[in-house]
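Below: the structure, in structure tokens.
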Amino acid sequence: MPELPEVETIVRLLRPDLVGRTVLAANVRWARTIAFPSVRTFKRQITGQVIQGVTRRAKFLHLQLSTAELLIHLRMSGDLALKQPGARPSKHDRLILLLAPAGRSASSQAPSTPASAARDSIINLVFNDTRKFGRVWLTKDARDVTGRLGPEPLERRFTVRRLYLALHARHRQLKPLLLDQTFIAGLGNIYTDEALHMARLHPLARADSLTERQARRLHAAIRTTLREGIRRNGASIDWVYRGGDFQNHFRVYDRAGKPCPVCATKIKRLIVGQRGTHICPHCQKV
DNA sequence: CATCAACCCTGAGAGC
DNA sequence: TGCTCTCAGGGTTGAT
């Protein structure tokens, strides 16, 4: 399931191939993928738009277009990839954008070399999503979609002090709070479990019970875990493979019954806020 | 504000 | 082999 590091990986991978291209057409193969506007309006408005930037906000991919913003949330099983225009759509392709080569005047066209051939040709941006939870928005203002998100954990503004104060404003279990995208943006089930273990905090601990020292540990653990995820190109689990290998370095996630990397105690699986949760009972106490 | 359950979906894995 | 059943999981919504 794509979380912040997986989305960041996809953004970095796609950006060089997308910027400058023009959307020629949209093929919507599963109507509910388009969260806003209607499919008809979506097709009309996106056609002719030039991709000017590809960024990330929390778990959203954000494509800056000429006069609109395209936001994509991969949810559980979504993936984005480039395919040759001739390729037959696969079973779970939900949206396909036909993209013209990056603009240049016809007279100054450079001779094509094998290495640059792909960039000079039409290509498909394919949104594949087995479970159909992923959604796409096309809007004039990205804040319509992302406006209520909490702070980006890797930004400078996300300080220990800010986290400590925010934690003490809430009386909630730690893990559901960290999964709440309006509290902090980008963490999902995997990175939350990993960060809590690194910070030696129990997922059921009350947010407002944390000491400053514990808040500092949590702050560092969140950032370290996310950065390691990005460095490893994210985790490849379920049947979505994007080249990442963070799944081979999990401390606790999906490792019930296996030894804690710190103390070798058997890792336990419990349910917290309706989510499968993995802890080391020795390292993480309430 | 906090908590909980239902919903959206599919395919993997278990049980028979 | 093939059927049926259960489950996971991000985010939203509505009830308590």
Side-chain angles (χ1 to χ4, degrees), chain A residues 1-8 10 28-36 56-62 71-80 89-95 127-137 139 142 144-150 152-153 165-196 203-210 222 226 229 234-242 244 246-247 250 252-257 267-279 286:
Chain A
M1 51 229 84
E3 305 179 26
L4 188 155
E6 286 75 28
V7 178
E8 179 67 25
I10 292 171
V28 180
R29 297 169 51 82
W30 177 252
R32 297 182 66 173
T33 294
I34 311 300
F36 182 89
R56 177 191 62 75
R57 171 74 169 106
K59 303 176 196 173
F60 289 85
L61 283 110
H62 183 179
L71 291 141
I72 303 171
H73 200 303
L74 303 172
R75 292 278 174 92
M76 301 296 304
S77 57
D79 198 9
L80 275 178
S90 52
K91 187 177 175 186
H92 303 305
D93 288 349
R94 308 302 181 192
L95 170 67
F127 176 53
N128 183 282
D129 182 25
T130 305
R131 292 183 185 171
K132 299 180 173 175
F133 285 173
R135 292 291 181 266
V136 172
W137 295 257
T139 173
D144 296 344
V145 180
T146 61
R148 297 180 54 197
L149 291 170
E152 282 287 324
L165 291 174
L167 288 167
H168 275 255
R170 309 295 290 273
H171 185 73
R172 274 181 85 179
Q173 296 168 343
L174 205 43
K175 173 161 174 174
L177 186 59
L178 294 176
L179 288 173
D180 183 339
Q181 302 296 299
T182 66
F183 182 81
I184 180 171
L187 293 177
N189 213 34
I190 295 174
Y191 292 90
T192 302
D193 279 5
E194 294 295 297
L196 285 173
L204 290 174
R206 292 288 158 175
D208 56 3
S209 75
L210 263 61
I222 289 169
L226 291 175
S236 305
I237 60 170
D238 291 345
W239 47 90
V240 177
Y241 179 72
R242 299 186 189 81
F246 188 61
Q247 71 278 11
F250 288 160
V252 289
Y253 184 81
D254 202 24
R255 294 192 63 243
I267 289 165
K268 273 183 64 179
R269 183 177 188 278
L270 47 151
I271 302 293
V272 177
Q274 302 168 277
R275 290 279 179 269
T277 300
H278 311 78
I279 64 160
V286 188

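So that the names make sense, note that chain A is the first sequence line, chain B the second, and so on, each numbered from 1.
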Strand-adjacent residues in residues 181-189 of chain A, judged by heavy atoms under 4.0 Å from DNA chain B: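 When residues 181-189 of chain A is checked for heavy atoms under 4.0 Å from DNA chain B, there are no hits whatsoever.
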Any salt bridge (Lys or Arg N to Asp or Glu O under 4.0 Å) involving residues 175-192 of chain A? Give me the pairs, sequence neighbours left out, ordered by first then second residue.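 For residues 175-192 of chain A, and leaving out neighbouring residues, the salt bridge (Lys or Arg N to Asp or Glu O under 4.0 Å) pairs sorted by first residue read A:Arg172-A:Asp180, A:Lys175-A:Asp193.
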Do [X] and [Y] come within less than 4.5 Å of each other through their side chains, counting heavy atoms only?
X        : Y        : result
A:Leu61  : A:Leu74  : yes
A:Arg206 : A:Gln173 : yes
A:Asp254 : A:Ile190 : no
A:Leu196 : A:Thr277 : no
A:Glu3   : A:Leu226 : no
A:Ile10  : A:Pro2   : no

Taking [atom1] from [X] and [atom2] from [N], how many angstroms apart are they, rounded to a whole number?
X        : N      : atom1 : atom2 : value
A:Leu74  : B:dC9  : CG    : P     : 17 Å
A:Arg135 : B:dC7  : CZ    : P     : 16 Å
A:Asp129 : C:dG10 : CG    : C1'   : 11 Å
A:Asp180 : C:dG10 : CG    : P     : 13 Å
A:Ile271 : C:dG10 : CD1   : C1'   : 15 Å
A:Met76  : B:dC7  : CE    : C1'   : 14 Å
A:His278 : C:dA8  : NE2   : C1'   : 10 Å
A:Glu6   : C:dG10 : CD    : P     : 11 Å

Let me know which of A:Ile72, A:Val7, A:Thr146 forms a side chain to side chain contact (heavy atoms under 4.5 Å, CB included) with A:Phe60.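 That would be A:Thr146.
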Using OP1 and OP2 only, check whether a side-chain N or O of [X] sits under 4.0 Å from [N].
X        : N      : result
A:Arg131 : B:dG11 : no
A:Lys132 : B:dT10 : yes
A:Arg269 : C:dA8  : yes
A:Lys91  : B:dT10 : no
A:His92  : B:dT10 : no
A:Arg32  : B:dC9  : yes

Among the candidates [options], find the nucleotide nearest to the side-chain atoms of [X].
X        : options               : result
A:Phe133 : C:dA8, B:dC8, B:dT10  : B:dC8
A:Tyr253 : C:dG9, C:dG10, B:dG11 : C:dG9
A:Trp30  : C:dG10, B:dT10, B:dC9 : B:dC9

Would you please name every residue forming a side-chain hydrogen bond (donor to acceptor under 3.5 Å, both in side chains) with A:His92, sequence neighbours left out?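 Scan of A:His92 (side-chain hydrogen bond (donor to acceptor under 3.5 Å, both in side chains), adjacent residues dropped) gives A:Arg94.
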Expected rows: protein N/O vs nucleotides 14-16 of chain C N/O, under 3.5 Å:
none

Least distance between heavy atoms, A:Phe127 atom then A:Arg135 atom: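 Heavy atoms only, the tightest pair is CZ-N, 4.4 Å.
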Distances for protein N/O vs nucleotides 2-4 of chain B N/O pairs under 3.5 angstrom?
| unit_1 | atom_1 | unit_2 | atom_2 | d |
| --- | --- | --- | --- | --- |
| B:dA2 | OP1 | A:Arg170 | NE | 3.3 |
| B:dA2 | OP1 | A:His171 | N | 3.0 |
| B:dA2 | OP2 | A:Arg170 | NE | 3.0 |
| B:dA2 | OP2 | A:Arg170 | NH2 | 2.7 |
| B:dT3 | OP1 | A:Arg206 | NH1 | 2.5 |
| B:dT3 | OP1 | A:Arg206 | NH2 | 3.3 |

Mind checking salt bridge (Lys or Arg N to Asp or Glu O under 4.0 Å) for A:Arg275 and listing every partner two or more places apart, or none if nothing turns up?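 A:Arg275 satisfies salt bridge (Lys or Arg N to Asp or Glu O under 4.0 Å) with no residue once adjacent residues are dropped.
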In terms of relative ring orientation, are A:Phe246 and A:Tyr191 parallel, tilted or perpendicular, with 30° and 60° separating the classes?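 Correct class here is parallel.
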